[in-house]
Every structure is written in C-alpha cells, then in structure tokens.
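Nothing here was measured: the structure is a model prediction, and the numbers come from that model. Chain identifiers are assigned alphabetically (A, B, ...) following the order of the sequence lines, protein sequences preceding nucleic acid strands; residue numbering begins at 1 within each chain.
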Number of protein chains: 2
Amino acid sequence: MPDPTNPTPDPSAATALTLEQAKAQFIHLWGATSASWGINRTMAQMHALLLVSAEALSTEDLMTQLQISRGNASMTVRELLDWGLVYKALKPGERREYFVAEKDMLQVTRCIIRERKRRELDAMKRSLDQLAALPGDPTEPGYREFHRVLGDIQQLADSADTVLTGVMKAEKTWLIDKLLRMFT
Amino acid sequence: MPDPTNPTPDPSAATALTLEQAKAQFIHLWGATSASWGINRTMAQMHALLLVSAEALSTEDLMTQLQISRGNASMTVRELLDWGLVYKALKPGERREYFVAEKDMLQVTRCIIRERKRRELDAMKRSLDQLAALPGDPTEPGYREFHRVLGDIQQLADSADTVLTGVMKAEKTWLIDKLLRMFT
DNA sequence: CACAAGTTTCAATAATTATTGAAACTTGTG
DNA sequence: CACAAGTTTCAATAATTATTGAAACTTGTG
C-alpha cells in the first residue's frame, strides 16, 4: 500500500532507500542469519516480514511477498504460531485469517529460548541421563575417565538449563540490569 | 587396545555395556545433538570420539573408527583444530600426526562460544549496523516503526554480545557461582 | 446440505549440504 | 634430489532438507 500523499521521491534524497527496500533488505538479512541457527530460511524471512509489517498479513500476502508456494506459506505460518512468535488476527466479517508478529523483542527472545531449549537442551539431557545410567563394568580401564567426561557434560547442561530458565522468567529491566552490571 | 588382564566378561554383569559400546553410544548422541546446532555430524562425532579417547588418535584411527573417508577425516580434524577444540600431539620419532581433545569442558564451552559468536552474532551485528545507517526518508509512514524494530534488535544483539564476552573471560568458579546464585 | 472460500497434506522434485576418493601436493630422510 | 609416508584439495556424487502444487479436506453461509 504505497501512500498516495507522498508519490514523488524527494530529490535531495536521491540515494535514500524507500522503506520497502529497507524492509526487503532486513528480510534478506534475517533469513541469512537464521541459516546458521538451525531455523529454516523461509521461517526466518516470514518472521522478519511480519515483524516489520504494520498491518496483519494473510497467507495470500505472505505467499506473494515472499514468493513462496501456498503449501510452504501455510506450513511455515503454522510453525511460527507454534513457536508463539506470531498471532492470528481475525478481521471482522472476513473469512480469511490474518497474522501479526509479536513485536516485543524480549518476548520474542523468550519464545525462541523456550522452543530451542525444549528441542535441544532438554533432549540432550535426557539422552545423557540415560547413557550415564546404563550399567557398565567399573573395573574396565578408562571407565572412570569416561564417566568423568559424561558427568562434566551433564553439569554443564544443568548450568545452561538453570540460566536459560532464569532468563525466560526474568523481567526485562531486572534482566538487562543484572546481566550488564555483571559483565561490564 | 583391549586390556588382556580382563579378557572374560563378568557373568554377574551380563547386561552391562562394555566401555566401547558406551563410547559408541556417546559418539552417536553427540553427533545427533549437533545437528540442531548447525555443526555438522562428522565434526561432532569426531569431537566426541577424541573426548572419550584416553590416547591421541591419528587420522588413520579417526577414519577407521568413524568409518569416514580420508578426505573427510582430514578436513574435519583441521576444522576442530581451527576451533581450538583439538590439539596436535606429535609422537617422538613418528611422522604421523596424532590428535587429542581439549578435555576441560569449560574451556570447550569457551571455544564454542568464541567461534559461534564470531561467525553468527558479530556477522549479524555488522549487517544490522549497515542497514540502520542507510539513508532513508523519515517522512515515509512507518519509517519510525521500522527503525524502532531495528533498534530493539540491535540492543538485544549488544546485550547478547556483552554477556557472551563476559562468559568467555570469566573464571570457572566465579561464573558458575554468579550465574547459579542469580537464577536459583 | 451444496457450494465457495480458504487451508492443509504429502508425494514428487528441487536445492542445498556433506562425503568420497583419486590426484596433487608436502615434508622428512637416506 | 628421489623416494616414501603422509596430507590436502576438489570435482563428482550421495545424502539430506526444503519446496512445490495438486488433491483432499474444512468451515461458514445461503
């Protein structure tokens, strides 16, 4: 929806980006960053698009703006809903579903920590506990050494768990305050 | 090298895992976990293998124990050296290179944070700064909103940077102490 | 309950990423 | 400096992961 009250670009800003261009760059950047994070590109791009969109978007809008198929758009928006990063926004009198992003970045961080902790850290802890509990032969040479490594890793995982759980529960000001005071 | 002083399995521990089996399970677990972490499976498995090996291993050993090609073994061990997770251990009078893992898990954590921060967080911060600095047209509707989102993300990235840098520098006892006291 | 509007599923396919293995290279030694 | 032992590179290929798009399904409405 280009604003008709501002149709001609300001000549003094010939090299200035339109908002649309800047948003496109942001979407691209967010998508690229996500790759190293184990989150897939489409999901990250869709999140970025919704983050910088003032209005709620429909599946149709997501498809056309990101140039992806209907199936992909549907699956990905569902996943964002699962993560809690995006909400449904039903428009009165409309059949179609619209979506808006959670814009509070601390809240976004919490959602991401919660999901990734659940999928990765918790899963790893379960496997480690299971492995450590298996009966072994303590007289084998190297048995103690192996269990020491295992124990160290478990301890590390527990610390990470405690810290992440704390971050999730913490209040914004308190958190930033404490952490920054601690390390700066 | 199976210990010849302990050739027959203890019958009372018929279901006990041999150390070798337990190690194999750990290697498998570590490899699977890494997948969700953007680290590749072979690298994680090799790291796990070296972590639980009492002696230094050669490229040859890595190849046969992990069932991977020479090329893969060579590339991957180089990458582990780059990350600082593994050291060369030259045996006197031997041409062949041997490798041992850093076994102090806090040190391991530091290496991983350092590398991932460099590749991911620092890269993202650079892109964000660049995007925020681009000239735009402040009269466009939505301009302020867009830059607010950008600013929020930058602030978050800065906080993460500060915290991670702190963790890397911190002493073990101090760190565990502080963090755990803070959140428990 | 038939229809239209919209959504989801999933097998086929495309895109990406990891691995192989043979050839080229390096390095220490007689 | 020729050779042997070992290492690295990289084009070809395999394995994995993401995406498409058409068919099946769902849901609200006259």
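- The nucleotide whose nearest atom lies closest to any side-chain atom of Ser74(A) is, among dT20(C), dT8(D), dT8(C), dT8(C).
- The separation between Met63(A) atom CE and dG21(D) atom P is 9 Å, rounded to whole Å.
- Placement of Val100(A) and Leu66(A) in two distinct hydrophobic clusters is found when ILVMFWY residues are connected by side-chain heavy-atom separations under 4.5 Å, directly or transitively.
- Pair check for dA24(D) finds dT7(C); Watson-Crick or G-U wobble, both atom distances under 3.5 Å.
- Regarding Ile68(B), its CD1 atom lies at a distance of 11 Å from the C1' atom of dA18(C), rounded to whole Å.
- Counting to the nearest Å, the P atom of dT17(C) and the CD atom of Glu79(B) are 14 Å from each other.
- Taking a pair to require two hydrogen-bonding distances under 3.5 Å in either a Watson-Crick or a G-U wobble arrangement, dT19(D) pairs with dA12(C).
- Following rounding to the nearest Å, Tyr98(B) (OH) and dG6(D) (P) show an atom-to-atom distance of 8 Å.
- Ring orientation note: the planes of Phe26(B) and Phe146(A) are nearly perpendicular, at an angle over 60° on the 30°/60° scale.
- When the side-chain nitrogen and oxygen atoms of Ser69(A) are compared with OP1 and OP2 of dG21(D), none of them lie within a distance under 4.0 Å.
- Rounded to whole Å, atom C1' of dA12(D) lies 15 Å from atom CG of Asn72(B).
- A salt bridge is defined here as a Lys NZ or Arg NE, NH1 or NH2 lying under 4.0 Å from an Asp or Glu carboxylate O, and Glu145(B) with Lys23(A) fails to meet this definition.
- Note on Thr42(A): a side-chain N or O is less than 4.0 Å away from OP1 or OP2 of dT19(D).
- Backbone-only contact: Arg78(A) has heavy atoms under 4.0 Å from sugar-phosphate atoms and none from a base.
- In this structure, dT29(D) forms a base pair with dA2(C), meeting either the Watson-Crick or the G-U wobble geometry with both donor-acceptor distances under 3.5 Å.
- For the pair Arg70(A) CZ and dA23(D) P, the computed distance is 15 Å after rounding to whole Å.
- Residue-level contact check: Arg95(B) touches the bases, meaning some heavy atom is under 4.0 Å from a base atom.
- We find that Arg148(B) and Asp152(B) are joined by a salt bridge, their nearest charged nitrogen and carboxylate oxygen being less than 4.0 Å apart.
- The separation between Met75(B) atom CE and dT9(D) atom P is 7 Å, rounded to whole Å.
- Asn40(B) comes within 4.0 angstrom of sugar-phosphate atoms only, judged by non-hydrogen atoms across all strands, and of no base.
- Rounded to whole Å, the distance from CD on Glu94(A) to C1' on dA5(C) is 11 Å.
- Within a 6.0 Å radius of CD in Glu20(B), other residues, nucleotides and ligands contribute 12 heavy atoms or fewer.
- Heavy atoms of Glu97(A) sit under 4.0 angstrom from primed sugar atoms or phosphate atoms, though from no base atom.
- If Arg41(A) and Gly71(A) are placed on DNA chain C by their nearest nucleotide, the residue sitting closer to the 5' end is Gly71(A).
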